Amino acid sequence: MKTSSRILVLSAVAIASLALSVRGQAVDPSALVDPRQHEERTSFQTSAHWDPGLQIPADVVMCYGVGNDLPERIAQWKSRGYIPQLMTGVSWGQYQDYLYGRFDGQNHVDEAQTDRNGKVISHGGDVYYMCPGPNYGKYLAQNVIKAIDAGAEAIHLEEPEFWARAGYGEGFKRAWRAHYKEEWIPPHASPDAQYRASKLKYVLYRDALKQIFDAVKEHNAKTGKNVKCYVPTHSLVNYAQWRIVSPESSLLQVGADGFIAQVWTGTARTHNVYRGVEAERTFQTAFLEYGSMTAATRGSGGKLWFLHDPIEDNPEYTWDNYKINWECTVVASLFWPETSRYEVAPWPDRVFHGKYPRPERGRRLRDLLKTQPAPQPIPASYATELLTVMNALNDMEQSDLAWESGTRGVGLVMSDTMMFQREGPNQSDQHLGSFFGLALPMVERGMPVEPVQLENLKTTKDLDRYKVLLMTYEGMKPMSPDADKVLADWVKAGGALVFVDDDRDPYNAVKAWWNAPGGPGFTTPRQSLFEALGVGRDAKPGAHKVDKGTLIWDAASPAALTYKTDGAVQIRKLIEQACQAAGVSYGETDHMVLRRGPYVIAAGLEADRPGQSHTLKGQFVDLFDAGLKVVDTVPLAPTTRALLIDLDRAAKAPRVLAAACRVTSETPTPEGGLKFVARGPKDTTAAIRVALAKRPAKVTIDGQPADAESQTWDDASHTLLLRFANGADGRQVAID
């Protein structure tokens, strides 16, 4: 549907279905429509029906699940001004019709993912993680088509996941025999068996999703619609950490239109090791997770949304803990300006209607109840902060970018096969040190290293943005030799490649293209790359000139370096050497700062000299403060995460700078005032900071004079702070 017609439809639906009356003064429904809504910049997922407490500032609602009430939910949310879409699980769901043969007359219970001990892997009861058989994609496709006919304008196929510990069920054994034309081998029998099992898991979900993509395209052709298919998925980094196999980047090759990068506190707080210390590093891990999803879509034309979750699946944390970690993920995501689309919350009903901490049942419940406070609803200040940031995310499409950081333009090569070595025997490092051992030394010193998807390297143009690359085959392997020539040509043209690998990974011996009978006869895939570079398979560690470029090989284990206090120093020395060879200025900082138009994204990092943190100076509105405080200095300590508006770079007054609600119909008045409509969830507070040329003479809300307590003028910044109760039907604000 074209943009203009979609907006007209939304307006018509709103006018027909909303009987709006706010404190005696009706709001024109057309005033609630954001003309940029068709860009689908922000979204959220929920299985709930609409209620006034969930009127959050986003463009799209993804109605979760294909139950009988789906048409009703779609109609409700659409009538409240949202673009309705469908999200449904791929690897699990309420799919008993398929399980018990009501779909095709065949019982499919034996397609449940099963571990080595014969235990079925369940999401609860008979909601099993599935090993997709030949008809599984067809079954999901019929549900998707029903959702489209019910009004869903896009489809999100969530989390195609196959546990690495699975691979022992009868369904998987059948798939093995069909795919490999041989009898099934227990995955734990050898590294080769484990690797081949993971490859098959990858293919099974890729093919199942292709069935759905193809069905939707066929339905589009019949109906004249243009429904897109997206895949909400954890990052490659997290799936490797959590020992899950998923088709990841390959989905774009079989019809996916893009991804939602499901990165949140629950994934990003997963421990890793740096300088010998195991710890949560939520910001740093989230930064790399969002970066890996950016790499998966870079150059493909596929759309990408970044997820944030104001809480997480574990209900046992405090609101303060959720808030701190949510801020880490928001800031981490905003350092990737290639994307300006965001899923602002999964399950907003559990955020705005839930109570935490909520201990799990059993003995742990009794123990925690002795030490933890009683569960509480979301603090008013956190709700306001969330709404402020959600609304600001609608405005992140900014072309004016400016970095303040350490060395940029360094890439870190990664492959989907990072997921293939995560179970025994001889699985890769528990904490994924082969990846974090190369990445964290850069991020911790302010260098925004960029993941590079190995499978996406088709020509040297795919590497134009880099002068230096880091790489290892420890913990991952190339699926084909295709990238060897691309990497070699890039180095020969002047690039510097740092290769860190001790050749001791047991998975070098899996049956693959590099050691296949009658093939090139390499014992490791590194030898194939080095042959393409022209240094030979038997090259010695050290620096090698390759035409105009440089290869630097350090025969060390990246994972082993993470457990050494000086391991990060060793990696940074290699990067500095590569930068010098490539003619790139090398620099370390204790912070990263990115300016996106008027927005300032900032993070403090590891300090070389503690106590001397970098400080931002100017005049800023703090979006992580419920009062939208105006500040002139922001010290960037190692744990500081900041999202600010730089008043010197903001649009001129009069205008709304920041708001804990959705602001529409913003109209300056001839006298220098401003009128607008504010809309947000019931039982939350709208904090709105407005830039004005001078102190206003009068402020009205829904035609009534605003209380003195609800407005605060800041003479230094020439801004007005308004605070009043949000309304799900919209509230009219006039500043004279």
Side-chain angles (χ1 to χ4, degrees), residues 1 6 9-20 29 32-34 37-38 40 42-90 92-97 123-124 127 139-159 212 216 219 223 225 227-232 260 262 305 307 309-310 342-354 390 662 679-683 728-730:
M1 188 180 294
R6 174 178 280 166
V9 167
L10 282 169
S11 300
V13 169
I15 293 170
S17 61
L18 296 180
L20 302 181
L32 299 172
V33 178
D34 188 329
Q37 186 178 13
H38 67 280
E40 300 179 358
T42 50
S43 64
F44 61 96
Q45 70 189 62
T46 181
S47 57
H49 291 259
W50 179 86
D51 75 58
L54 299 180
Q55 188 69 41
I56 64 177
D59 296 329
V60 172
V61 60
M62 294 174 286
C63 295
Y64 197 97
V66 291
N68 293 332
D69 65 345
L70 178 63
E72 179 185 0
R73 288 185 286 131
I74 286 177
Q76 281 186 356
W77 287 101
K78 187 171 184 176
S79 74
R80 306 305 300 194
Y82 293 100
I83 299 170
Q85 300 178 355
L86 170 75
M87 182 185 289
T88 190
V90 172
W92 59 269
Q94 297 292 336
Y95 301 146
Q96 286 77 13
D97 284 352
H123 203 270
V127 178
Y139 167 74
L140 294 181
Q142 70 163 9
N143 292 329
V144 164
I145 299 303
K146 289 178 183 177
I148 294 172
D149 292 340
E153 299 186 25
I155 303 299
H156 298 263
L157 301 162
E158 185 192 32
E159 296 179 346
I212 306 171
V216 171
H219 192 68
T223 61
K225 294 182 178 181
V227 175
K228 302 293 187 183
C229 290
Y230 305 107
V231 181
I260 296 177
Q262 292 182 316
W305 287 260
L307 169 72
D309 190 346
Y342 306 90
E343 182 183 344
V344 299
W347 323 122
D349 40 313
R350 75 179 182 181
V351 177
F352 291 99
H353 298 336
M390 290 174 180
R662 187 121 201 197
R679 190 184 195 188
K682 179 184 177 183
D683 299 325
D729 294 330

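Model, not experiment: these values are computed from the prediction.
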Apply the test salt bridge (charged side-chain N to carboxylate O under 4.0 Å, His left out) to residues Arg80 and Asp51: give CA-CA distance (whole Å), side-chain angles for both, the deciding distance (0.1 Å), then the verdict.
CA-CA 10 Å; Arg80 306 305 300 194; Asp51 75 58; over 6 Å; no
Distance-only side-chain donor-acceptor flag, [X] / [Y], under 3.5 Å:
{"X": "Ser43", "Y": "Tyr230", "result": "no"}
{"X": "Gln55", "Y": "Trp50", "result": "yes"}
{"X": "Glu158", "Y": "Gln262", "result": "yes"}

Step-by-step ring pair (Phe, Tyr, Trp, His ring centres under 6.0 Å) determination, Tyr64 to Trp347
CA-CA 9 Å; Tyr64 197 97; Trp347 323 122; 5.0 Å; yes
Rounded to the nearest 0.5 Å, what separates atom [atom1] in [X] from atom [atom2] in [Y]?
{"X": "His156", "Y": "Cys229", "atom1": "NE2", "atom2": "SG", "result": "9.5 Å"}
{"X": "Asp349", "Y": "His49", "atom1": "CG", "atom2": "NE2", "result": "11.0 Å"}
{"X": "Arg73", "Y": "Leu86", "atom1": "CZ", "atom2": "CG", "result": "8.5 Å"}
{"X": "Arg350", "Y": "Asp309", "atom1": "CZ", "atom2": "CG", "result": "4.5 Å"}
{"X": "His219", "Y": "Ile145", "atom1": "NE2", "atom2": "CD1", "result": "5.0 Å"}

side-chain contact (heavy atoms from CB on, under 4.5 Å) between Ile83 and Trp77, worked out
CA-CA 8 Å; Ile83 299 170; Trp77 287 101; over 6 Å; no
Trp92 and His123 aromatic ring geometry - parallel, tilted or perpendicular at 30°/60° bounds:
parallel
Please name the pair of heavy atoms, one in [X] and one in [Y], separated by the smallest distance, quoted to 0.1 Å.
{"X": "Pro310", "Y": "Val344", "answer": "CD-O, 4.1 Å"}
{"X": "Ala154", "Y": "Val227", "answer": "CA-CG1, 3.8 Å"}
{"X": "Val90", "Y": "Tyr95", "answer": "O-CE1, 4.4 Å"}
{"X": "Ala147", "Y": "Leu70", "answer": "CB-CD2, 3.6 Å"}
{"X": "Leu54", "Y": "Tyr82", "answer": "O-OH, 3.8 Å"}
{"X": "Pro348", "Y": "Phe44", "answer": "CG-CD1, 3.6 Å"}

Passes side-chain contact (heavy atoms from CB on, under 4.5 Å), Ile148 versus Lys225? Steps please.
CA-CA 9 Å; Ile148 294 172; Lys225 294 182 178 181; 3.8 Å; yes
Keeping [X] on the side-chain end and [Y] on the backbone end, is there a donor-acceptor pair under 3.5 Å?
{"X": "Thr42", "Y": "Asp59", "value": "yes"}
{"X": "Arg679", "Y": "Ala728", "value": "yes"}
{"X": "Arg662", "Y": "Ala58", "value": "yes"}

Determine whether Cys63 and Gln85 make a side-chain contact, defined as any pair of heavy atoms from C-beta on separated by less than 4.5 Å.
no
Trace of the side-chain contact (heavy atoms from CB on, under 4.5 Å) decision for Lys228 with Ile155
CA-CA 6 Å; Lys228 302 293 187 183; Ile155 303 299; over 6 Å; no
For the rings on Trp305 and Tyr342, is their centre-to-centre separation under 6.0 Å?
no
Met87 and its side chain to side chain contact (heavy atoms under 4.5 Å, CB included) partner, picked from Leu157, Val66, Ile260, Val61
Ile260
